[in-house]
Protein chains: 2
Amino acid sequence: MYSFTEENYIKAIFKLQEKSNNAVNTNSIAELMETKPASVTDMVKKLSEKKLLIYEKYKGVELTESGRIMAIEMVRKHRLWETFLHNKLNFSWDEVHDIAEQLEHIKSSKLIDSLDEYLGFPQHDPHGDPIPAKNGSIKRIELFKISEFSIGDFGIISGVVNHTSLFLQHLEKNQLVLGNEIEVVSRSEFDLSLRVKIEGKAPIMVSNEVARNVLLKKIVK
Amino acid sequence: MYSFTEENYIKAIFKLQEKSNNAVNTNSIAELMETKPASVTDMVKKLSEKKLLIYEKYKGVELTESGRIMAIEMVRKHRLWETFLHNKLNFSWDEVHDIAEQLEHIKSSKLIDSLDEYLGFPQHDPHGDPIPAKNGSIKRIELFKISEFSIGDFGIISGVVNHTSLFLQHLEKNQLVLGNEIEVVSRSEFDLSLRVKIEGKAPIMVSNEVARNVLLKKIVK
DNA sequence: ACAAAATTTTAGATTAGTCTAAAATTATTT
DNA sequence: AAATAATTTTAGACTAATCTAAAATTTTGT
Ligand SMILES: [Mn+2]
Ligand SMILES: [Mn+2]
Ligand SMILES: [Mn+2]
Ligand SMILES: [Mn+2]
């Protein structure tokens, strides 16, 4: 049985591994875990003894197959709990993450599989992130930032890059919520802000900062 | 914020206080917590500094008002989670306790109140135990052990004394489940076993051991 | 290539929770 | 009212996870 701390390290290393492809370095783990590099070194030594990752002094770490399986299980639990909170208990998408951070550590595979079934085997969590299946498979679909869209392109809001409450609340206020269809109408050369039209509503202005943090599924009309 | 360990101590002390009325002694806490008396002494000192209980050397402990409030919150969480597992995820009554032991430590009052509402403000958990309300009030009703019943008495199974999986599974196999109405038909002088009739079913034999661990609400016919 | 900077590791301390063994106190028996 | 037994506390040690400060190693810049 692994401790909460060990589970959090594995999850953090997995997240870092996802975006970088190279070995994950000590400092980046420390930053994500909000801890000190010295503590990270201690922990990766321990996780390496437990065969969850490969650690080479001064060279960073890489998850083993069992480390990866464990990380995906954590992600599955986290996202299923977020979905439960959102779909069943009516929590808004900016409220679910912190509680899921706690719930993801509950040890019971029967519980998580029952929850999955109870929720109707959801494919995505309240932020649009894919929920790994029981067998570990993750269905990824290609998404694009609004900022990458051309004038006249249509898309459906399907994910976010930034997951902070502040950002999610901002999106909600501006109708930029999951599932809404939008069209990019124009782009300002000055600040790269965009005018976008949300189906059926009056066009709104979207800053470049926002446009770089909202993900769309492209649709052809 | 309190640690899981601190929360478990408070819950244990509350449970012991419920049945004894006197101050709770070190050894009984150690036994219930499956730890050593020396560890208990250390912990009660700490909890006493945090004003959750009154500790007097060699005299045992007693929860303060805030300790009692915290204990009741823990009980509320535990029983609501058990109810969720049973009512929504179809866990049987012998499977819910261990998982609730983990879930009761999730810190979010919004979560627990939402869960309460989602479950329809249940009054009892899957074992018949009362679920404390948000304000801490607990509705207790008078229950009697089957063994205390006289021949010809009627009652509805409304609780259990023993909460072990083994016992609960045994009850389930013998139709002795919550809500069933039973009548005590006869008592053997030899081993104090009883013949009881479960409404609509053939009479069964109930050992004294079982009869002392099943609680009934008396009904007058 | 080599000095300076950045990163990483080690050494030694700290805190929470636990343990064993010994000492202190309280309760029970004679 | 002692003596004995049971309970409780103290002292000192251990593990997990963390920290700071110093040492080691790697990377970067000239
Ligand atoms: Mn999340
Ligand atoms: Mn999410
Ligand atoms: Mn229980
Ligand atoms: Mn219960």
request  = Over all heavy atoms of both residues, which pair between B:Tyr2 and B:Lys107 is shortest? Give the atoms and the distance, please.
outcome  = O-NZ, 3.0 Å
Rounding to an integer number of Å, can you tell me how far [X] [atom1] sits from [N] [atom2]?
X: A:Ile29; N: D:dT18; atom1: CD1; atom2: P; result: 13 Å
X: B:Leu47; N: C:dA16; atom1: CG; atom2: P; result: 12 Å
X: A:Glu6; N: D:dT18; atom1: CD; atom2: P; result: 10 Å
X: A:Lys36; N: D:dA21; atom1: NZ; atom2: P; result: 10 Å

inquiry  = Is the ring pair A:His170/A:Phe167 parallel, tilted or perpendicular, if the boundaries are 30 and 60 degrees?
reply    = parallel
inquiry  = Over 60° means perpendicular and under 30° means parallel, so tell me whether A:Tyr118 and A:Phe84 are parallel, tilted or perpendicular.
reply    = tilted
query = So does B:Thr5 get a side-chain nitrogen or oxygen closer than 4.0 Å to the phosphate oxygens (OP1/OP2) of C:dA16?
reply = no
inquiry  = Can you list, in residue-number order, the parts of residues 8-22 of chain A that come under 4.0 Å of DNA chain C, counting heavy atoms only?
reply    = none
ask   = Checking salt bridge (Lys or Arg N to Asp or Glu O under 4.0 Å) against A:Glu18, which of A:Arg140, A:Arg68, A:Lys11 comes through?
value = A:Arg140
ask   = With distance as the sole test, does B:Ser137 use its side chain to make a donor-acceptor pair with the main-chain N or O of B:Ala133 at under 3.5 Å?
value = no
key: Per-nucleotide protein contact string for nucleotides 1-12 of chain C, where B marks a base within reach and S marks sugar-phosphate only (heavy atoms under 4.0 Å, - for neither)   = ------SBBB--
task = Flag the pair A:Glu104 and A:Arg79 as a salt bridge only when some basic side-chain nitrogen lies within less than 4.0 angstrom of an acidic carboxylate oxygen.
result = no
Salt-bridge contact A:Asp113-A:Lys134 (side-chain N to carboxylate O under 4.0 Å) = yes
query = With ring centroids as reference points, do B:His163 and B:His97 lie under 6.0 angstrom apart?
reply = no
